[in-house]
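Only heavy atoms go into these numbers, but all of them, side chains included; no hydrogens, no water, no symmetry mates. Counting starts at 1 for both ligands and their atoms, following the listed order.
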Amino acid sequence: MPVKQLRIAMVSAHSCPIGNLGAKDTGGMSVYVRELAHELGKQGHLVDVYTRAHDPKDRQTYELGQNARLIHLEAGEVEDIQKLIVYSYLPDFAYNLENFRKHNDLQYDLIFSHYWLSGLVGEYLQQRWNVPHITMFHTLGAVKNTIGIGEDEPGLRIETERGLTQNCHHIIAPTEKEKEELILHYSALPGRIGVVPCGVNLEQFKPVSKESARQYLGFGNDKIILFVGRIDPLKGIDKLIKAMPYLQNIQGLRLMVIGGGEHSQREIERLQKLACNLNIQDSVTFPGLIKHEQLPYFYSAADACVIPSYYESFGMVALESLACGTPVVATDVGNLKSVIRQGETGYVITDNAPHHLADKITLLLSRLSTDTESVLSIRASVSRFSWSNIAEAIIRECQLVLANYLAPVS
Ligand code: UDP
C-alpha cells in the first residue's frame, strides 16, 4: 500500500544538524536529525528541520536533500551559547518559527522534537497547530544524574522531561532500555513509547582496505585503538587511558581519541595529564575533531574501536565502526548488546573497569582477522540499521499516532 506523504516539522533548537560533530553539544543527535530528515525526504515526505542560528555565516535555509530543508531561526546571540541560556530564548525561537511558517504558508501534519529544549517548543506549537507532537529525548537527565559522572543535570531539565512524557502524544526511544527508564523515572505510559533504533549511513560508512586507509592518513604499522565521540566525562575515556598500561605487551599499540572542539579543551588537558602521569603520553594521541566524511578512513585504519561509556542513549559510533568492518569493545550501554555479536563482531562488557577493557581488547587483537570475508561479515551484521529501514519504522510510528489523533472519540 503506498504510504501517504507526511509534512513533518522537526525541531532541534539547541544543536545544529550541520554543526561541528564531536564538539561539546553536537554529536549523535545532530547526525540522527540530519540523516533521518534526508532519508524521509528521499522517501517522499516533506521535512523542515528548525534550529537556532549560531553562526553569522549561516544562511537561513539549507537543502538537506530532496524534500528536506534546514531552517535557521534567530533566538539570542548568533553564536554558540550554553544550553540553559538557549532555554531562555525558546519563546523567541517558537515565535520566529511560527512567523516563518505563516510567512511561507506552510502546514504540517506533525511535529517531531529532539531533546527536552526542543520538546518545549514542540509542546507550544502543538497547541497552536493542533497536530500531534512526537518527541525523542536522546539522553535522559534523570538517568545521567543516577550515574553521577560529570555535571549534574538541572531540576528544570528533569521536570521538563517528566512533563513532556505526560503531555506529548508519542515518544520515540532508541532502545528497550530507554523505554524502561522512561517508565521508571518519569512514569511514562508504555503504550505511548515506540522503540526504533538509530541508523547508520551505509553508503558513507564502508570499509576501505586497511593499507589504503593507513596510507591515506599517513599512519604506519602501529596497532590502533580508536575512540570517537564528544569529549565528555560520561564517555569514560579516562578508563580507556587507564587500560593502556595493561596492554603494554602489545607491540606498537596506539590509542587515538577523536573528538573535541574549543569547549572540550579542559577535558582534553585532564586526559593528557592522566596519560602523562601513567607515562603513556607517547601512545595516546588527540587529533581533535574529525569531519564525519573522513571518519570511514579512521575506522578502517583502526584495529578496534572502543566505547568505554558510562551512558549512551544508543551509541551510533558502534554502528559506524562495524559498518566499516572494524570490531568494537563496548560497555553494556544503549543498544550495544544487541548491536555487537559477542566474540564475533566485538565484545560487550559489564563495566568500564580498565582491566576489563584491556582483557577484551587483548582478546580482540589476538583473534583479529583482517581478511575481506571477516570485514564484510562484520559490516553485514549492521545492514539492518540502514537509514531507509529506520525512516520506514519512524513513518509507521507517525501513522499510528496520526490515526489515534484523528480518530473520533466515541
Ligand atoms: N563525530 C564526528 N567527528 C568527531 C567526533 C564524533 O563526526 O570528531 C560523530 C560520530 O561519528 C557520531 C557522533 O559524532 O556520528 C557521536 O554520536 P554518538 O551517538 O556515538 O554519541 P553522542 O554524541 O550521541 O553521545
Side chain, backbone, both or neither: the part of [X] lying under 4.0 Å from ligand 1 by heavy atom:
{"X": "His138", "value": "neither"}
{"X": "Arg230", "value": "side chain"}
{"X": "Leu295", "value": "side chain"}
{"X": "Val228", "value": "side chain"}

So, is Met29 polar-close to ligand 1, with some N/O to N/O distance under 3.5 Å?
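No.
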Considering distance alone, does some N or O of Val31 sit under 3.5 Å from an N or O of ligand 1?
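Min N/O separation from ligand 1 is not below 3.5 Å for Val31.
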On the six-membered ring of Tyr216, is Arg214 placed so that its NZ or CZ lies under 6.0 angstrom from the centre and within 45° of the ring axis?
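Not flagged: Arg214 not positioned over aromatic ring of Tyr216.
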Is the cationic atom of Arg254 (NZ for Lys, CZ for Arg) positioned less than 6.0 Å from the six-membered ring centroid of Phe219 and within 45 degrees of its normal?
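Judged by the rule, Arg254 and Phe219 form a cation-pi pair.
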Within a distance under 4.0 Å of any heavy atom of Leu289, pick out the atoms of ligand 1 and give their elements.
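Those qualifying, in numeric order: 8 (O).
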Show the atoms of ligand 1 that are less than 4.0 angstrom away from any heavy atom in Ile258.
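Checking each atom against Ile258, I get 4 (C), 8 (O).
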Under 6.0 Å between ring centres: does that hold for Phe205 and His292?
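Under 6.0 Å, so yes.
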Is Glu161 salt-bridged to Arg157, going by a charged N under 4.0 Å from an acidic O?
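Arg157 and Glu161: salt-bridged.
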Salt bridge check: are Glu63 and Arg69 linked by an N-O gap of less than 4.0 Å?
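Judged by the 4.0 Å cut-off on N to carboxylate O distance, Glu63 and Arg69 do not form a salt bridge.
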Who passes side chain to side chain contact (heavy atoms under 4.5 Å, CB included) against Lys206, sequence neighbours left out?
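So Lys206 forms a side chain to side chain contact (heavy atoms under 4.5 Å, CB included) with Arg379.
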